[in-house]
Student: 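One structure follows; several queries about it will come next.
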Amino acid sequence: METISKMACGRLEACGLKPSVQRLMIMEYLLSHCTHPTVEDIHKALGRRMPTLSRTTVYNTLRLFAGHKAATMITIDERRVCYDGVTKPHAHFYCRECGRIYDLDVENVPSIGGTLNIGGNLADEVQLYYKGVCAACAEKKQNIINIINKTNK
């Protein structure tokens, strides 16, 4: 089985990026944490292991990864930008209650291998996402409603 370090190095090299220490650490984090982290999340997590790692370096590295298709930049929520180490086409679900972003296993997610002409516009990226209330938050809400209903009886 390939280690995360080898996978990270391979991803960077396949995308034409030189695997520096910082780039490897950030890519390893993306590949091992499927939480759709923000720049702040990654900086906070990796800063303990590498105190000299700046937030600017993390920001610039993630933008570089997105530009070379080594990672995906997710802009579902207008207040923050998240990153995903999964680069194959897949859908996301954004919960308006808890703010988490989940990967969804949805069939027929559009994929563009280069550019796609859509009404004369040339698209080179597709992001499919849904917004609403996740199952965990919906269950919490329902439990609260059930408790209130029992109390009022």
Side-chain angles (χ1 to χ4, degrees), residues 1-119 121-141:
M1 185 167 98
E2 196 173 23
T3 66
I4 292 291
S5 296
K6 286 183 181 178
M7 288 171 54
C9 187
R11 169 82 59 90
L12 293 175
E13 289 174 346
C15 293
L17 296 170
K18 182 180 175 186
S20 68
V21 173
Q22 292 90 349
R23 289 177 184 174
L24 282 169
M25 282 181 67
I26 293 168
M27 181 55 70
E28 287 172 13
Y29 188 88
L30 283 176
L31 294 175
S32 61
H33 294 82
C34 300
T35 56
H36 307 93
T38 63
V39 169
E40 186 62 35
D41 296 333
I42 295 172
H43 179 257
K44 191 179 204 181
L46 297 180
R48 294 181 207 118
R49 287 182 19 213
M50 183 182 271
T52 59
L53 182 67
S54 72
R55 188 173 330 192
T56 302
T57 298
V58 175
Y59 173 85
N60 290 335
T61 300
L62 290 168
R63 292 287 175 149
L64 181 72
F65 287 178
H68 282 80
K69 302 205 183 304
T72 303
M73 183 186 313
I74 304 170
T75 54
I76 295 173
D77 179 2
E78 61 278 350
R79 295 182 311 267
R80 66 181 178 172
V81 175
C82 300
Y83 293 86
D84 194 349
V86 178
T87 56
K88 70 176 181 68
H90 64 286
H92 292 100
F93 185 89
Y94 171 71
C95 178
R96 287 189 175 108
E97 293 290 320
C98 66
R100 290 192 57 201
I101 299 172
Y102 301 90
D103 286 342
L104 291 178
D105 187 19
V106 176
E107 291 184 31
N108 302 322
V109 174
S111 173
I112 297 178
T115 58
L116 179 64
N117 186 327
I118 303 173
N121 303 299
L122 300 177
D124 62 2
E125 181 180 338
V126 173
Q127 288 194 17
L128 176 61
Y129 59 86
Y130 300 88
K131 292 182 179 182
V133 179
C134 71
C137 288
E139 184 178 339
K140 284 181 197 174
K141 274 185 162 182

Student: Are there over 12 heavy-atom neighbours, none belonging to N117, within less than 6.0 Å of that residue's CG?
Tutor: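 More than 12 within 6.0 Å, yes.
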Student: Side chains of T38 and D41: do they bring a donor and an acceptor to under 3.5 Å?
Tutor: yes
Student: Compare all side-chain heavy atoms of D103 with those of H36 and state whether any distance is below 4.5 angstrom.
Tutor: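 SC-SC contact between D103 and H36 confirmed.
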Student: Taking all non-hydrogen atoms of both residues, which atom of A70 and which atom of M27 are closest, and how far apart?
Tutor: O-CE, 3.4 Å
Student: Does any non-hydrogen side-chain atom of P37 lie less than 4.5 Å from one of C82?
Tutor: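 No - every pair of side-chain heavy atoms lies 4.5 Å or more apart.
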Student: Under a 4.5 Å cut-off applied to non-hydrogen side-chain atoms, are Y129 and I74 in contact?
Tutor: no
Student: Quick one: does N121's side chain have a donor or acceptor within less than 3.5 Å of a partner on I118's backbone?
Tutor: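 Yes; at least one donor-acceptor contact below 3.5 Å.
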Student: Just so I know, are the side chains of I101 and F93 near enough to count as touching, which here means a heavy-atom distance under 4.5 Å?
Tutor: no
Student: For H68 and C15, work out which heavy atoms get closest and say how close.
Tutor: CD2-O, 3.3 Å
Student: Should C134 and E97 count as side-chain neighbours, where that means a heavy-atom distance under 4.5 Å?
Tutor: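 Contact flag for C134/E97 side chains = no.
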Student: Listed by chain and number, what are the side chain to side chain donor-acceptor pair (under 3.5 Å) partners of T72, not counting sequence neighbours?
Tutor: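 T72 satisfies side chain to side chain donor-acceptor pair (under 3.5 Å) with no residue once adjacent residues are dropped.
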Student: Under a 3.5 Å threshold, yes or no: a donor from one side chain and an acceptor from the other, between H92 and D84?
Tutor: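 The criterion, which ignores hydrogens and geometry beyond distance, is satisfied for D84 and H92.
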Student: Should we say atom OH of Y59 is surrounded by more than 12 heavy atoms from elsewhere, each under 6.0 Å from it?
Tutor: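 No, OH of Y59 has 12 or fewer neighbouring heavy atoms, counting only those of other groups under 6.0 Å.
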Student: Counting distance only, does the side-chain N/O of K140 pair as donor-acceptor with the main-chain N or O of A135 below 3.5 Å?
Tutor: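 No, because the side chain of K140 does not come within donor-acceptor range (under 3.5 Å) of the backbone of A135.
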Student: In chain order, what residues pass the side chain to side chain donor-acceptor pair (under 3.5 Å) check against R55, with sequence neighbours excluded?
Tutor: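 Partners of R55 by the side chain to side chain donor-acceptor pair (under 3.5 Å) criterion, ordered by chain and then number, come out as E40.
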Student: Got a donor-acceptor contact below 3.5 angstrom from the H90 side chain to the K88 backbone?
Tutor: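 Pair found, side chain donor or acceptor close to backbone of K88.
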Student: Side chains of L17 and L64, heavy atoms from C-beta outward: is any pair under 4.5 Å?
Tutor: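 When only atoms from C-beta onward are counted, L64 and L17 do touch, with a gap below 4.5 Å.
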Student: Would you call V81 and L62 a side-chain contact if the rule is heavy atoms closer than 4.5 Å?
Tutor: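 No; the side chains remain at least 4.5 Å from each other.
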Student: Short question: side chain of R11, backbone of L31 - any donor-acceptor pair under 3.5 Å?
Tutor: no
Student: Do you see a donor-acceptor pair shorter than 3.5 Å between the side chains of T61 and Q22?
Tutor: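 On atom types as modelled, these side chains do not qualify, holding no pair under 3.5 Å.
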Student: With rounding to the nearest 0.5 angstrom, report the OH to OG1 distance, Y83 to T75.
Tutor: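 So the OH of Y83 and the OG1 of T75 are separated by 9.5 Å.
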Student: Can you name the nearest heavy-atom pair linking G99 to Y94, along with the distance?
Tutor: O-CE1, 3.7 Å
Student: Side-chain contact test, heavy atoms from C-beta onward, threshold under 4.5 Å: evaluate it for Y29 versus L46 and give yes or no.
Tutor: yes
Student: Mind listing the closest non-hydrogen atom pair of I4 and S32 along with its distance?
Tutor: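 Closest approach of I4 to S32, heavy atoms only: CD1-CB, 4.3 Å.
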Student: List the atom of Y130, the atom of A91, and the distance in Å for their closest heavy-atom pair.
Tutor: CE1-CB, 4.2 Å
Student: Enter the distance from T57:OG1 to M50:CE here, rounded to the nearest 0.5 Å.
Tutor: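 It comes to 9.5 Å.
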Student: Quick one: list whatever passes side chain to side chain contact (heavy atoms under 4.5 Å, CB included) with C9, sequence neighbours left out.
Tutor: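 Here the qualifying residues are E13, P19, L24.
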Student: Look up atom CD1 in I42 and atom NZ in K44, then write down how far apart they are to the nearest 0.5 Å.
Tutor: 13.0 Å
Student: Within the side chain of R96, is there an N or O that forms a donor-acceptor pair under 3.5 Å with the backbone of V133?
Tutor: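 Side chain of R96 to backbone of V133, a donor-acceptor pair under 3.5 Å: no, none is there.
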Student: Does M73 offer a backbone N or O that forms a donor-acceptor pair with the side chain of Q127 under 3.5 Å?
Tutor: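 Pair found, side chain donor or acceptor close to backbone of M73.
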Student: When rounded to the nearest 0.5 angstrom, what is the spacing between NE2 in H43 and OG1 in T56?
Tutor: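 The NE2 atom of H43 sits 8.5 Å away from the OG1 atom of T56.
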